[in-house]
Protein chains: 2
Amino acid sequence: MDKLRNNWFTESCEMWPGSTFSFEVKEVLHSEKSQYQDIDVYDTASLGRVLVLDGIIQCTQKDEFSYQEMISFLPLCCHRNPEKVLIVGGGDGGVAREVEIDAKVIEVSKKYLPFMAVGFESKKLTLHVGDGFEFMKNHSQEFDVIITDSSDPVGPAISLFQENYFALMKSALRPGGMVCSQAGTIWNDLELVTNTLSFCRNQFPSAAYGYASVPTYPSGQIGFVIGSLEENKKFDSPLLTFNKEDEQTMNLRYYNSD
Amino acid sequence: MDKLRNNWFTESCEMWPGSTFSFEVKEVLHSEKSQYQDIDVYDTASLGRVLVLDGIIQCTQKDEFSYQEMISFLPLCCHRNPEKVLIVGGGDGGVAREVEIDAKVIEVSKKYLPFMAVGFESKKLTLHVGDGFEFMKNHSQEFDVIITDSSDPVGPAISLFQENYFALMKSALRPGGMVCSQAGTIWNDLELVTNTLSFCRNQFPSAAYGYASVPTYPSGQIGFVIGSLEENKKFDSPLLTFNKEDEQTMNLRYYNSD
């Protein structure tokens with residue numbers, strides 16, 4: 001495998017030149033080039049199983065929960081009554097209803113990341129494989145919450161970081177609806193964060209930036225923009241809070257009432 | 001330089017096996033072996049100047065401010081009237097009064113990290129070069145705040161993570177005094193964090209763990225334990241808050257009233 005050197009994988013990307021993160025690989029579980037991207041799954045010495053798309057780490061068994069929990073519960077716990085939820089991206093299967101452009105990511109995740117892909121087993125799930133942008137155009141006033149769990153804005157996901165995507169999401173929401181989108185990190189992509197947040201602010205009366213600590217993402221944190229059709233929404237005062245028992249039942253490891 | 005390969009420096013340590021962080025070096029500014037440790041300063045392609053002790057990144061020009069501001073203002077803004085402050089470690093010069101074991105670190109920082117070592121110019125500063133542990137034994141009921149800005153617990157700093165160090169700090173504090181110590185990250189050193197916090201809890205009626213996002217530290221975050229001689233201290237409700245004007249005057253880039 002020329003992607004590895006002495007059994008170490010090194011992540012490098014034009015988005016963060018001059019520094020790299022590397023991990024030791026015990027076994028290459030999967031490696032293919034799909035219609036959209038390179039898909040690799042590694043079993044590693046220190047991070048458990050790792051999904052890599054186009055050379056960029058998407059999630060590791062060690063720390064995926066902090067990102068998944070935050071991007072899901074930030075909006076879900078702020079909404080008054082989230083009945084119908086759309087997940088765009090999220091092909092690794094962390095959640096409940098989704099549009100993923102690359103069916104191969106879903107297939108590989110089910111096979112090699114079963115601890116994450118449990119979402120695909122849910123009876124509440126309707127799975128669509130296609131372009132989230134196109135999907136949105138055909139759905140109007142339909143969802144309470146739209147979560148955009150995208151990869152970075154250098155490959156198939158680039159259109160999900162544009163203002164017209166936020167406009168489309170707005171039109172697909174029911175009254176009181178909310179959106180939450182992966183929005184990069186302040187340390188590497190300050191311009192991206194600023195732009196994405198301003199796109200969200202332009203379309204939604206309430207908008208904010210939040211973040212989670214995820215060691216294996218560049219700079220160790222990743223942010224979200226969150227928008228609501230309600231005015232003066234207090235995103236840091238969720239309407240639904242979990243007690244310790246809830247947190248245990250749901251096996252939460254990062255998101256908590258603090 | 002055998003510390004570099006093709007002008008890249010790779011940080012690796014027994015504390016976090018199986019994954020590494022690397023950065024591109026433009027110029028080696030300094031490299032020596034002091035009485036206590038290896039001291040290297042690099043000018044880098046993406047992080048500005050970087051201080052490395054015994055192969056471990058201590059601070060980079062890109063992100064040092066988030067750590068320095070948090071370890072200083074977490075305790076200083078919670079104390080009623082911090083008049084006399086002791087900094088143990090902190091040889092890079094971020095703050096105001098200190099005991100550093102390795103005079104070479106101070107010398108190198110003054111020369112190569114002038115943007116950080118401004119603290120050494122302060123008239124309020126009395127500098128002691130020696131062992132923080134020994135220094136503390138000779139000072140009783142003297143300080144309002146003690147900040148322990150140490151390196152990791154694998155070299156000269158190991159004694160600063162033990163319970164008897166917290167007991168010594170307690171005896172060196174005036175009534176109402178507070179301590180704040182570097183305490184590792186939950187992602188790599190959960191046992192260290194748990195132990196350090198329990199040492200602090202055993203000695204102080206109020207204690208808590210907080211953290212800052214620092215991309216170039218392993219896992220991208222680093223934590224602090226903070227202890228107070230006051231009971232029921234609310235560390236998340238500081239007594240002193242800065243307004244936007246204060247934040248600008250003090251050139252704050254991370255710590256803020258949110």
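The chains referred to below are lettered A, B, ... by the order of the sequence lines, with proteins before strands, and numbering in each begins at 1. It should be emphasised that the depicted structure is a prediction, and the values quoted were computed from it without experimental measurement.
- Side-chain atoms of A:Val225 and A:Val193, non-hydrogen and from C-beta on, never get closer than 4.5 Å to each other.
- The shortest non-hydrogen separation linking B:Val28 to B:Ser31 is CG1-CB, 4.3 Å.
- Contact of A:Asp63 with chain B is made through backbone and side chain together, with heavy-atom distances under 4.5 Å.
- In this structure, the portion of A:Tyr211 lying under 4.5 Å from any heavy atom of chain B is its side chain and not its backbone.
- Using a 4.5 Å heavy-atom threshold, the side chains of A:Val145 and A:Leu76 count as touching.
- Neither the backbone nor the side chain of B:Lys26 comes within less than 4.5 Å of any heavy atom in chain A.
- The aromatic rings of A:Tyr112 and A:His30 sit tilted, their planes meeting at an angle between 30° and 60°.
- Ring-plane geometry between B:Trp187 and A:Phe65 is classed as tilted, the angle between the planes lying from 30 to 60 degrees on a 0 to 90 degree scale.
- Interface remark: A:Ser66 contributes side-chain atoms only to the contact with chain B (heavy atom separation under 4.5 Å).
- The candidate from B:Trp8, B:Phe9, B:Tyr217, B:Phe23 with the greatest count of non-hydrogen atom pairs under 4.5 Å with chain A is B:Trp8.
- Proximity to chain B (any heavy atom under 4.5 Å) is shown, for A:Thr44, by neither the backbone nor the side chain.
- Counting heavy-atom pairs closer than 4.5 Å to chain B, the top residue among A:Gly220, A:Pro17, A:Ser46 is A:Ser46.
- In this structure, B:Phe224 and B:Tyr67 have tilted ring planes: the angle between them lies in the 30° to 60° band.
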